Amino acid sequence: MDQGQTLSVLLDSYAVDPQRKAVAAAVGAIAAGSIEISELIGQGALAGITGAAHGGSNADGDVQKDLDVKADEIITAALKDVPFAALASEESDTLVDGDPNAPISIAYDPLDGSSNIDTNMTVGTIFSIIPNQPGVKPFTAPGSCQIAAGFVVYGPQTSLVLTLGDGVDIFTLDRKARTYRLIRERVTVPADTAEYAINASNHRHWEQPIRDFVDECIAGADGPRAKDFNMRWIGSLVAEVYRILTRGGVFLYPGDNRPGYGNGRLRLLYETHPMSFVMEQAGGAASTGRERVLDLTAKTIHQRSPLIMGSMDKVKRIELLHTDPSAASRSAPLFARRGLFRV
């Protein structure tokens with residue numbers, strides 16, 4: 001693949017049978033919709049987008065922001081001519097039915113990270129494409145069945161990360177030409193980066209294996225990891241994944257002991273499944289801490305799951321701490337002398 005090649009050229013070369021043609025049409029439609037969303041975000045309040053609550057909530061009970069609603073309208077409209085069996089959107093209570101004999105179904109989060117809108121921080125769009133089997137209820141297979149997945153990051157650049165099941169490529173929007181151009185191909189997750197991302201304010205609610213891993217990182221060169229770590233937390237899944245694809249490290253959004261957080265807050269079909277597929281295709285790993293995310297099967301459209309993903313060695317270490325508590329070193333608690341608030 002040539003540097004600077006357009007996304008449309010890649011999709012044209014990929015579309016060699018009915019299923020692939022449907023996938024190419026879906027990715028192309030989402031890409032076109034994302035350009036409209038990118039322009040809307042760029043105008044912000046000038047286009048009436050403020051990040052304010054819209055006055056309603058989505059199917060999962062989260063308060064909708066004005067851009068949540070608009071982004072959902074844009075992506076849904078963009079997909080209307082794609083041959084799909086069903087659509088699952090974060091913003092919809094139920095599936096949108098299409099042609100039951102169509103080759104694919106599509107799940108998507110039109111706007112990830114909407115709490116960041118009013119602070120002018122990174123947001124994005126996430127999507128997952130699965131094969132449709134006529135007579136079988138859509139979205140009832142494990143995440144390993146995905147044939148394509150990706151996400152768009154609306155940041156200083158607007159970039160589209162895509163896997164068609166054979167590696168990960170990154171495209172950036174050429175705003176003048178209104179097209180996505182290849183900037184990185186065959187992306188692999190750097191293995192040795194000493195970074196981790198987690199919302200540390202929830203430390204008291206975490207299960208012990210998560211505490212153990214974070215305490216190991218905080219112990220730095222004096223601890224069992226024998227290196228100093230940096231902590232990152234953006235609060236936008238697309239931004240966290242893009243950073244890991246670029247710089248490595250690990251992201252943790254575990255379940256915890258708060259009411260309603262037993263399985264975390266991320267949704268399986270249109271957040272953790274597609275991001276896990278991307279991560280594995282880039283040579284990383286994605287786990288709940290106890291099992292591979294892509295082995296999970298959704299029981300409901302908006303089912304949640306924990307997500308721990310990134311560099312293979314770090315994910316495997318966290319899994320070991322879950323399965324073998326004796327592997328933990330507990331000499332560096334979060335608020336100890338060598339802890340987060342070192343004196």
Side-chain angles (χ1 to χ4, degrees), residues 3 122 149-151 153 155 157 159 161-163 166-170 172 183-200 203 206 209-254 272 274-294 306-334 336 338-340 342:
Q3 186 92 3
T122 303
F151 61 96
V153 181
Q157 307 167 26
S159 294
V161 177
L162 176 66
T163 179
D166 184 25
V168 175
D169 298 319
I170 299 179
T172 288
I183 59 165
R184 293 177 61 198
E185 60 181 322
R186 293 291 178 181
V187 175
T188 56
V189 176
D192 299 324
T193 306
E195 290 186 350
Y196 68 100
I198 193 168
N199 186 347
H203 179 271
W206 296 335
I210 301 298
R211 295 188 190 192
D212 290 337
F213 177 78
V214 172
D215 287 347
E216 288 179 359
C217 294
I218 290 169
D222 299 324
R225 305 293 292 178
K227 63 174 65 175
D228 292 323
F229 279 73
N230 290 320
M231 191 181 83
R232 301 284 184 256
W233 183 254
I234 302 173
S236 171
L237 182 59
V238 293
E240 305 284 5
V241 178
Y242 196 90
R243 186 191 63 252
I244 290 172
L245 291 173
T246 304
R247 295 204 321 223
V250 65
F251 166 89
L252 302 93
Y253 202 133
T272 65
M275 290 309 201
S276 297
F277 190 39
V278 168
M279 196 59 56
E280 288 196 6
Q281 286 290 316
S287 173
T288 67
R290 294 178 171 85
E291 58 186 321
R292 179 182 179 228
V293 172
L294 293 184
L307 179 59
I308 297 163
M309 66 180 172
S311 302
M312 181 75 71
D313 66 324
K314 296 174 182 64
V315 175
K316 295 303 181 186
R317 174 62 180 168
I318 296 165
E319 287 185 325
L320 177 63
L321 291 170
H322 279 82
T323 58
D324 182 9
S326 67
S329 171
R330 299 195 177 119
S331 60
L334 185 63
R338 295 186 179 276
L340 184 61
R342 180 182 298 181

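Just so it is clear, the model here is predicted, and its values are computed rather than measured.
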Drop me the distance from [X]'s [atom1] to [Y]'s [atom2], to the nearest 0.5 angstrom.
| X | Y | atom1 | atom2 | answer |
| --- | --- | --- | --- | --- |
| His203 | Asp215 | NE2 | CG | 4.5 Å |
| Lys314 | Thr193 | NZ | OG1 | 6.0 Å |
| Gln157 | Thr122 | CD | OG1 | 11.0 Å |
| Asp222 | Lys227 | CG | NZ | 14.5 Å |
| Met279 | Ile308 | CE | CD1 | 13.0 Å |
| Lys316 | Ser311 | NZ | OG | 13.0 Å |

(message) With side-chain contact (heavy atoms from CB on, under 4.5 Å) as the criterion, how do Val187 and Asp169 come out once you've worked through the C-alpha distance, each side chain's angles and the decisive distance to 0.1 Å?
(response) CA-CA 6 Å; Val187 175; Asp169 298 319; 5.8 Å; no

(message) Going by side-chain contact (heavy atoms from CB on, under 4.5 Å), name the residues that satisfy it together with Thr188, two or more places apart in sequence or in a different chain.
(response) none

(request) State which residues pass side-chain contact (heavy atoms from CB on, under 4.5 Å) with Leu237; sequence neighbours excluded, sorted by chain then number. (result) Asp112, Ile126, Val241, Phe251, Leu266, Glu271, Met275, Leu307, Met309

Identify the two heavy atoms, one from [X] and one from [Y], that lie closest to each other, and give their separation to 0.1 Å.
| X | Y | answer |
| --- | --- | --- |
| Ser287 | Val315 | CB-CG1, 3.8 Å |
| Tyr242 | Val153 | CD1-CG2, 3.9 Å |
| Ala327 | Arg317 | O-NH2, 2.9 Å |
| Ala239 | Ile234 | CB-CD1, 3.7 Å |
| Ile244 | Gly249 | CG2-O, 3.9 Å |
| Ala197 | Trp233 | C-CE3, 3.8 Å |

(message) Assess the residue pair Ile210 and His322 against the criterion (side-chain contact (heavy atoms from CB on, under 4.5 Å)); give the C-alpha distance rounded to whole Å, side-chain angles, the decisive distance to 0.1 Å, and a yes or no.
(response) CA-CA 8 Å; Ile210 301 298; His322 279 82; 3.7 Å; yes

Any [X] side-chain heavy atom under 4.5 Å of [Y] side chain:
| X | Y | value |
| --- | --- | --- |
| Glu216 | Leu321 | yes |
| Thr272 | Tyr253 | no |
| Leu252 | Trp206 | no |
| Ile198 | Pro254 | yes |
| Thr246 | Arg184 | yes |

(request) Begin from the C-alpha positions of Thr172 and Ser159 and carry the test side-chain contact (heavy atoms from CB on, under 4.5 Å) through to its verdict. (result) CA-CA 4 Å; Thr172 288; Ser159 294; 2.9 Å; yes

(request) Please lay out, stage by stage, how Tyr196 and Arg225 fare under the test side-chain contact (heavy atoms from CB on, under 4.5 Å). (result) CA-CA 13 Å; Tyr196 68 100; Arg225 305 293 292 178; over 6 Å; no

(message) Would you say that more than 12 heavy atoms from the other residues, nucleotides or ligands in this model lie under 6.0 Å from the CG of Asp324, or not?
(response) yes

(message) Checking the side chain of Gln281 only, and the main-chain atoms of Asp166 only, is there a donor and an acceptor separated by less than 3.5 Å?
(response)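 A pair under 3.5 Å: yes.
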
(request) For residues 230-241, pull every pair meeting salt bridge (Lys or Arg N to Asp or Glu O under 4.0 Å), keeping only residues two or more places apart or in separate chains. (result) Glu195-Arg232, Glu240-Arg243

